[in-house]
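Here the structure is laid out as structure tokens; the discussion comes afterwards.
The figures here come from the full heavy-atom set of this structure, side chains too, leaving out hydrogens, waters and symmetry mates. Order of the sequence lines fixes the chain letters, A, B, ..., with proteins taken first and strands second; residue numbering starts at 1 for each chain. This is a predicted model, so every value here is computed, not measured.
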Protein chains: 2
Amino acid sequence: MPTTNLDETARQILAAASRRFLHYGYKKTTMSEIADDCNMSSGNLYRYFPSKLDIAEMFVRVLRGEQVDNLRTVLDAPGRSPSQKVRDFFLLKFKLAYERFHDNAKAFELSSELILERPKVALEWENAEGRVLGEILSEGNADGSFAIDNVPAITKILQNAAYRFTSPAVFHETDEEVLAAELNGVIDLVLDGFAWRSAHRDHGKAAAVGSRS
Amino acid sequence: MPTTNLDETARQILAAASRRFLHYGYKKTTMSEIADDCNMSSGNLYRYFPSKLDIAEMFVRVLRGEQVDNLRTVLDAPGRSPSQKVRDFFLLKFKLAYERFHDNAKAFELSSELILERPKVALEWENAEGRVLGEILSEGNADGSFAIDNVPAITKILQNAAYRFTSPAVFHETDEEVLAAELNGVIDLVLDGFAWRSAHRDHGKAAAVGSRS
DNA sequence: CGATTGAACAGTTTATATATTAGTCAGGCT
DNA sequence: AGCCTGACTAATATATAAACTGTTCAATCG
């Protein structure tokens, strides 16, 4: 969702709003202030965005686009194996989220507010990142590193296993080094799981499911 | 933390408070009401508990004791392999948490309030459950199912990987069947990781750590 | 006539006053 | 003495009033 889709005026509004959202918080920036920054009346904002919340949503959509582009560089990194790329993906994702939310109450507020009112945005974010992760897994299937028959399902499983390291609420408590080390531990284990499945590709999945009783 | 440690009167207070906490919520039950239920004065409550929050803490400690006892039954279940017990452990833990918090705003409020003011209680809860999980892992080491050299570290990793299915905040959104299925997916994968490590027990850990670069 | 404004409205937030509650303690009861 | 009480206080919560903000739209502008 690049800004280039937007009218010049809409982009100006979005820029002014984003600045205020991050500096003063979502609730404390008023439509009049945004309008003043753009030298227009508050009523005129509604010719470009249906509501204040939609400005915030667009802001997050742009941010998501940048983050997904950023994560996609992991895919194109030369000389990295698919396993390494899985690790790179989650460590980068964690680092970006940590830097965004840690000691940044305003960003956290904007995120919470938007997720509360527009839960779909969070799901779309997860899915967009999941698509990148899925490409890494497919690459691993192609070169024989992995043996994943249902890429979207495994993508979801990985996202679930790493949930603790993507949830903004945790970032206030623990510090980055500790969390990164713990994330590496989880990744070590799931990559070993992939290794096992890759070595037992014929009957691996059926056996695993069957053993659940 | 069994109630048998407590004075008879303290147990009566705890029972009355627990009933009100769960029925009306923590903030909305007053010390006077608890005292009335026990046919005593509000001042007398402070001879048995230092503060209202300490009553809540004791309530949660008792609950934790019951939950840990409950989870411990997984350990003693006959005819279950260590792998199956790992799965049983997390599915039971998830089920207990889900039933406690889903559609139960009062329990959620009590939990949130206590965790906010007494974060240590949450850590102790995690550690107490971790000890049970650790015993399952050790059992797996003993019978050759697993090859875990650092049980506490792996315990933490498993708890991290299952974090999503233990965090009360999630239970409002999704429904139980879906979450249980996703949890099973995560467990399938980590158990396959154990299988791989067990099959490569000599050099497994060093290789995994070394491959992180 | 399309683009823009800003006053008006309904809903919400904030400020203020009032009421309630957690926790204390000097005294009463047994 | 050892328990217990209930009025008291500081702090918190609730209720009420005042101010503000998101959104609309008839009037204005270019």
Side-chain angles (χ1 to χ4, degrees), chain A residues 6-60 105-106 108-118 121, chain B residues 5-61 105-106 108-118 121:
Chain A
L6 292 168
D7 189 335
E8 165 65 27
T9 310
R11 242 180 297 160
Q12 189 190 0
I13 293 170
L14 185 58
S18 303
R19 249 178 287 124
R20 286 197 177 265
F21 287 163
L22 288 179
H23 200 284
Y24 302 101
Y26 174 75
K27 287 192 206 171
K28 284 199 175 169
T29 86
T30 72
M31 293 298 266
S32 309
E33 289 169 339
I34 298 171
D36 284 350
D37 290 351
C38 302
N39 296 108
M40 60 178 69
S41 70
S42 66
N44 199 38
L45 295 176
Y46 291 85
R47 290 183 32 77
Y48 298 91
F49 293 95
S51 75
K52 184 183 175 186
L53 196 61
D54 286 281
I55 303 180
E57 180 174 332
M58 183 59 76
F59 170 66
V60 170
K106 300 298 161 26
F108 185 71
E109 186 222 344
L110 178 60
S111 170
S112 309
E113 197 71 23
L114 185 64
I115 299 322
L116 186 72
E117 305 290 333
R118 299 262 221 274
V121 176
Chain B
N5 286 348
L6 293 168
D7 190 336
E8 165 64 27
T9 311
R11 242 181 296 160
Q12 188 190 2
I13 294 169
L14 186 58
S18 302
R19 247 177 288 125
R20 285 198 178 265
F21 287 163
L22 289 178
H23 199 283
Y24 302 102
Y26 174 76
K27 288 192 206 171
K28 285 200 174 168
T29 86
T30 72
M31 293 299 266
S32 309
E33 289 169 341
I34 297 171
D36 285 349
D37 290 350
C38 302
N39 295 109
M40 62 178 67
S41 70
S42 67
N44 198 38
L45 295 176
Y46 292 86
R47 292 180 33 76
Y48 297 90
F49 293 95
S51 76
K52 183 184 175 185
L53 197 60
D54 287 281
I55 303 180
E57 181 175 330
M58 183 59 77
F59 171 65
V60 170
R61 290 181 113 85
K106 300 299 162 25
F108 186 71
E109 185 221 345
L110 178 60
S111 170
S112 309
E113 197 71 24
L114 185 64
I115 299 321
L116 186 71
E117 305 290 334
R118 301 262 222 271
V121 176

Distance in angstrom units between A/Glu33 CD and D/dC20 P, rounded: 13 Å

From CG (A/Leu14) to OH (A/Tyr48), nearest 0.5 Å: 14.0 Å

Scoring nucleotides 3-10 of chain D by protein non-hydrogen atoms under 4.0 Å (B base, S sugar-phosphate only, - none) yields SBBB----

Hey, could you give me the OG/CD distance between A/Ser111 and A/Glu113, rounded to the nearest 0.5 Å? 10.0 Å

For A/Glu113 and C/dT13, what is the distance between atoms CD and C1' respectively, to the nearest whole Å? 13 Å

Grab the OH-C1' distance between A/Tyr24 and D/dT21 for me, whole Å please. 18 Å

Whole-Å gap separating P (D/dC25) and CG (A/Leu45): 17 Å

Distance in angstrom units between A/Arg20 CZ and D/dT21 P, rounded: 12 Å

Rounded distance (Å) that lies between atom C1' of D/dG22 and atom CZ of A/Phe49: 16 Å

Round to the nearest Å and state the distance from A/Tyr46 atom OH to D/dA26 atom P. 17 Å

Do the side chains of B/Ile55 and B/Met31 get nearer than 4.5 Å, heavy atoms only? yes

Measuring from atom CG of A/Leu45 to atom NZ of A/Lys52, what distance do you get when rounded to the nearest 0.5 angstrom? 11.5 Å

Rounding to an integer number of Å, can you tell me how far B/Met31 CE sits from D/dA13 P? 15 Å

Has the side chain of B/Glu109 got a donor or acceptor atom that lies under 3.5 Å from a matching backbone atom of B/Tyr26? yes

